[in-house]
Amino acid sequence: MRALLLSAPGSIGNLAIGHPDKPEPGAGQVRIRVEAASLNPVDVSTIRSEGNPAWDWPHIPAQDAAGTVDALGPGVEGFEVGDRVANHGSMADQGSLAEYRLAHVETLARIPDDVKVFSAAALPCAGLTAYQAIVRRLHVQPGQTVLVTSAAGGGFAVQLATLAGARVIGTASKANHEHVRQLGATDVIDYHSEDVVQRTLELTNGRGVDAVLDLVSPESATANLQALVHNGGLAFAAGRPDLNSVEPFTIAPSIHELALGAAYGSKDPAARERLATDLEELLKLVDEGRLDPMIERVVPLDEAPEALAEVGERHVRGKLVVEIGPEI
């Protein structure tokens, strides 16, 4: 099969097209004929670091995939060859930038007939992070106010909070303000020139926000605790805030760590099943025309290294999706 292979960690320059053997599904696994894969910042950061201790070399990067079931492993029930599926794969396994990839059956989401494969591939990592934050952890309700940092990249969260009936305040560079408003944000803060907490308090007449999704850094998450109302919640995906910055028994915040990949190491099967059921909820919203998959560009597999480098700069508004076509 044709795949993009990482020969060694540390650099996107270590990626090249290769031809590894087609994988065979084990117990509880299916083989997906990958048609599309999306790229995420975590893919880039892991490539540029030391990789994952569980990786075999050469390694195929990327976690998000959409395509059709190609083969079933022993004990697999509920799916058949030819079913259209998408999933968020384990970071420890071989990835999605290949014609074929293995997946754990309990993490598979069915793609509705009218949803395009590129749209399905765009959802898993970014969409599930937003869904678990806005819906499962922060329980955003109508009439609440939500602050989403890095809102251009966090566009799924902006959309989901808006769908929940909340007012959304986003942070973004000036060039992305109109884009973030189009996704549903009422107000957008220029994090380059404005103090995010101060401006948030001004926009809420000093009240603060009911919830924060921080996608920037531990320092950003720590600062944004000061924007919360009493009993407000903060979810984070880019580093833990310092709770010592909050006086005990004052705002009484709830803190929620987002770690999709940790579901694979959990002893609770429901954690992995939620990757499928939550993704199916997102796919349903796309099918109903209520959620924009935000595809900025679709590129061929040969151009995936350049696309990964672009994602690593963190200035991509939406999703870069790789089309995995057969070798000609």
Side-chain angles (χ1 to χ4, degrees), residues 1-71 73 85-105 107-108 117-118 121-122 124-126 259-265 272 275 297-314 316 319-328:
M1 71 172 181
R2 188 166 176 258
L4 188 67
L5 299 176
L6 181 68
S7 59
S11 171
I12 290 173
N14 295 334
L15 289 165
I17 298 295
H19 295 81
D21 294 336
K22 184 189 299 186
E24 294 298 326
Q29 293 182 320
V30 304
R31 185 170 65 210
I32 299 174
R33 168 66 178 90
V34 182
E35 298 174 34
S38 68
L39 307 177
N40 297 286
V42 67
D43 300 323
V44 182
S45 62
T46 311
I47 288 170
R48 286 176 171 169
S49 64
E50 296 301 314
N52 186 293
W55 283 0
D56 293 323
W57 299 94
H59 179 75
I60 303 168
Q63 300 163 279
D64 294 352
T68 57
V69 174
D70 175 74
V85 295
N87 93 316
H88 175 74
S90 169
M91 179 65 79
D93 296 339
Q94 292 286 5
S96 303
L97 295 178
E99 291 180 314
Y100 297 92
R101 200 204 77 187
L102 301 181
H104 300 268
V105 66
T107 69
L108 291 182
V117 71
F118 299 128
C125 185
L260 296 179
Y264 283 96
R272 291 179 292 281
L275 295 176
R297 194 165 73 253
V298 177
V299 302
L301 184 60
D302 291 347
E303 296 178 16
E306 291 80 4
L308 280 163
E310 188 175 345
V311 169
E313 295 300 317
R314 292 183 178 267
V316 178
K319 296 292 298 181
L320 297 187
V321 177
V322 179
E323 182 176 11
I324 315 292
E327 186 172 16
I328 299 174

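Heavy atoms only: backbone and side chains are in, while hydrogens, waters and symmetry mates are out. Only a predicted model underlies this, so the values are computations on that prediction, with no experimental measurement involved.
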Taking the side chain as C-beta and beyond, is there a heavy-atom pair between [X] and [Y] under 4.5 Å?
X    : Y    : answer
L301 : L4   : yes
R48  : S11  : no
V322 : S38  : no
L102 : P25  : yes
Q94  : D56  : yes
L15  : L308 : yes
L5   : I60  : yes
Y264 : H104 : yes

Polar side-chain atom of [X] near backbone of [Y] as donor-acceptor pair, under 3.5 Å:
X    : Y    : answer
D70  : I32  : no
R272 : A263 : yes
N14  : S7   : no
N52  : A54  : yes
Q63  : H88  : no
R31  : P23  : yes
Q29  : G26  : yes

Looking only at heavy atoms, which two atoms of [X] and [Y] are closest? And how far apart?
X    : Y    : value
V34  : A98  : CB-O, 3.2 Å
L97  : A37  : CD2-CB, 3.9 Å
V299 : A307 : CG2-CB, 4.1 Å
V321 : A122 : CG2-CB, 4.1 Å

Measure from NZ or CZ of R33 to the centre of the six-membered ring of Y100 and say whether it is under 6.0 Å with the direction within 45° of the ring axis.
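Because its charged atom sits under 6.0 Å from the ring centre and within 45° of the axis, R33 does stack over Y100.
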Working for side-chain contact (heavy atoms from CB on, under 4.5 Å), residues M91 and V42
CA-CA 9 Å; M91 179 65 79; V42 67; 3.7 Å; yes
N40 and D64: side-chain contact (heavy atoms from CB on, under 4.5 Å), yes or no, with the steps?
CA-CA 9 Å; N40 297 286; D64 294 352; 3.0 Å; yes
R101 and S96: side chain donor to acceptor below 3.5 Å:
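Yes, because at least one side-chain N or O of R101 sits under 3.5 Å from a partner of the opposite role on S96.
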Just say parallel, tilted or perpendicular for the rings of H59 and W55, cut-offs at 30° and 60°.
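Taking W55 first and then H59, their aromatic rings lie parallel (interplane angle under 30°).
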Quick one: do L275 and N87 satisfy side-chain contact (heavy atoms from CB on, under 4.5 Å)? Show the steps, please.
CA-CA 8 Å; L275 295 176; N87 93 316; over 6 Å; no
Does the side-chain contact (heavy atoms from CB on, under 4.5 Å) test come out yes or no for I47 and I12, once each step is laid out?
CA-CA 7 Å; I47 288 170; I12 290 173; 4.3 Å; yes
Check this for me: does any side-chain nitrogen of one of R297 and E310 sit under 4.0 Å from a carboxylate oxygen of the other?
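E310 and R297: salt-bridged.
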